[in-house]
Amino acid sequence: MVLGMGVPNTMNNRAKTASAVAAAVVLSGFLVGCTAQQPGFVTPGPGPGAGPVLERVVGADARAVLEAFKDRALVDHLEALQRVADDNDGNRASGTPGYERSARYVEEQLRAAGYSPVRQEFTYRRDGERVKSFNILADTEGSAENTIVVGGHLDSVQKGPGINDNGSGVAAVLETARWMKETGITPANRVRFAFWGAEEDDLDGSRHYIDELSAAEVRRTAAYLNVDMAASPNGVRAFHDGDGSDFGHAGPDGSQEIEDVFFRFFAENSLPAETTGFEGGSDYKPFVKAGIPSGGLFTGDVESKTRAQAQAFGGVAGKDLDSCYHRACDTISNINPELLKEMSGALAYATVSFAMARQG
Ligand code: PHE
Ligand code: ZN
Ligand code: ZN
């Protein structure tokens, strides 16, 4: 299931290769197909999706986006979150001062970039006690009829600073938001950047978000892109298996289009990548349950690196992808900065592709 660069490739198919090649030469304009008219591109999911399916789009240049992200100071965000943990009992868990400080950092960054972040508060139970927490949401311009939610969890576990899990996802989402403002792109569709609370307890923040949506708002949510770990020190480049062709658990209809966009980013940049299933558990779960097309990025946690993965991605076979996952050693030393740049570029590319897509 590892793709690209002379590596065994079980997930690839002709349609995907063809679209990646086409995308490499067509660098602007709205192209490719709408799923309704070109069912050949899409393996049907488990049922009717609630969200509108967006026409796939080739408006962004995957190589240019990667280049742009190679120059971005992603690690600065991780250093800031490490300082927050250092000053607050070594963690940034929901309901603690470390979470509040992490939130202020994200809000300041968003405001400085021109966004107006809002807190969405909620309460939940942890070990029998009531805990107050909140999500942070920041919207771009664009039609709310097709909202693209791009998110990652902001909380850490109580045992550690959570710099790879999930400071790295926060950095990717934040930097995508900042980059979009800087490029001056006017999105056709609204992008909602989301920083979830209490993922580490029971996905409480993202569950609350979905519970608060009306049926109409669920229908208007065209896609959800999740990032839960983007800098695993012995990591891999993985994106979710939207159509279930590799892991047997398809996301809602439309999820394959998200998989395809990530596929295209890595293929056009000749970066080996692989798919990962939806069964691990992260904030995509409530979205998948609501029938919203979903996908996202992952660089690995407690699984040990296989030999094929070491060949494709480098790193050490037989060693955990992130041996500090959920531990006190998930610090600023526990990251792969190059991988973080590549995964953040992938997120930005997918975000802008869907932000500029027309409804199919
Ligand atoms: N993937 C989550 C994290 O570490 C934890 C989790 C696992 C949540 C399984 C739900 C189910 O951030
Ligand atoms: Zn975790
Ligand atoms: Zn996580």
Worksheet item: Any side-chain heavy atom of Leu347 within less than 4.5 Å of one from Val150?
Response: yes
Practice prompt. Can you measure from CZ (Arg237) to CG (Leu339) and round to the nearest 0.5 angstrom?
Written response: 6.5 Å
Worksheet item: Applying disulfide bond (SG atoms under 2.5 Å apart), which residue pairs with at least one partner in residues 250-340 are found, sequence neighbours left out?
Response: Cys324-Cys329
Discussion item. So that I can tick it off, tell me whether Arg327 and Asp330 are bridged by a salt bridge, with the cut-off set at under 4.0 angstrom between side-chain N and carboxylate O.
Written reply: no
Item to complete: Could you pull out all residues at least two apart from Asp89 that satisfy side chain to side chain donor-acceptor pair (under 3.5 Å)?
Response: none
Worksheet item: Cut-off 3.5 Å, side chains only: do Tyr325 and Asp320 have a donor facing an acceptor?
Response: no
Worksheet entry | Geometric class of the Phe287/Tyr224 ring pair [parallel <30°, tilted 30-60°, perpendicular >60°] | parallel
Discussion item. Are Phe122 and Tyr209, when compared by the centres of their aromatic rings, separated by less than 6.0 Å?
Written reply: no
Worksheet item: Any salt bridge between Arg126 and Glu200, counting N to O under 4.0 Å?
Response: no
Fill in: Carboxylate-amine/guanidinium contact Lys70 Glu338, below 4.0 Å
yes
Worksheet entry | Salt bridge flag under 4.0 Å for residues Arg83 and Glu79 | no
Discussion item. I'd like to check Ile136 versus Leu110 (side-chain heavy atoms, cut-off strictly below 4.5 Å). Are they in contact?
Written reply: yes
Worksheet item: Does Ile292 reach the side chain of Pro252, with side-chain heavy atoms less than 4.5 Å apart?
Response: no
Worksheet item: Taking the inter-plane angle between the rings of Phe239 and Phe262 on a 0 to 90° scale, is it parallel (under 30°), tilted (30 to 60°) or perpendicular (over 60°)?
Response: tilted
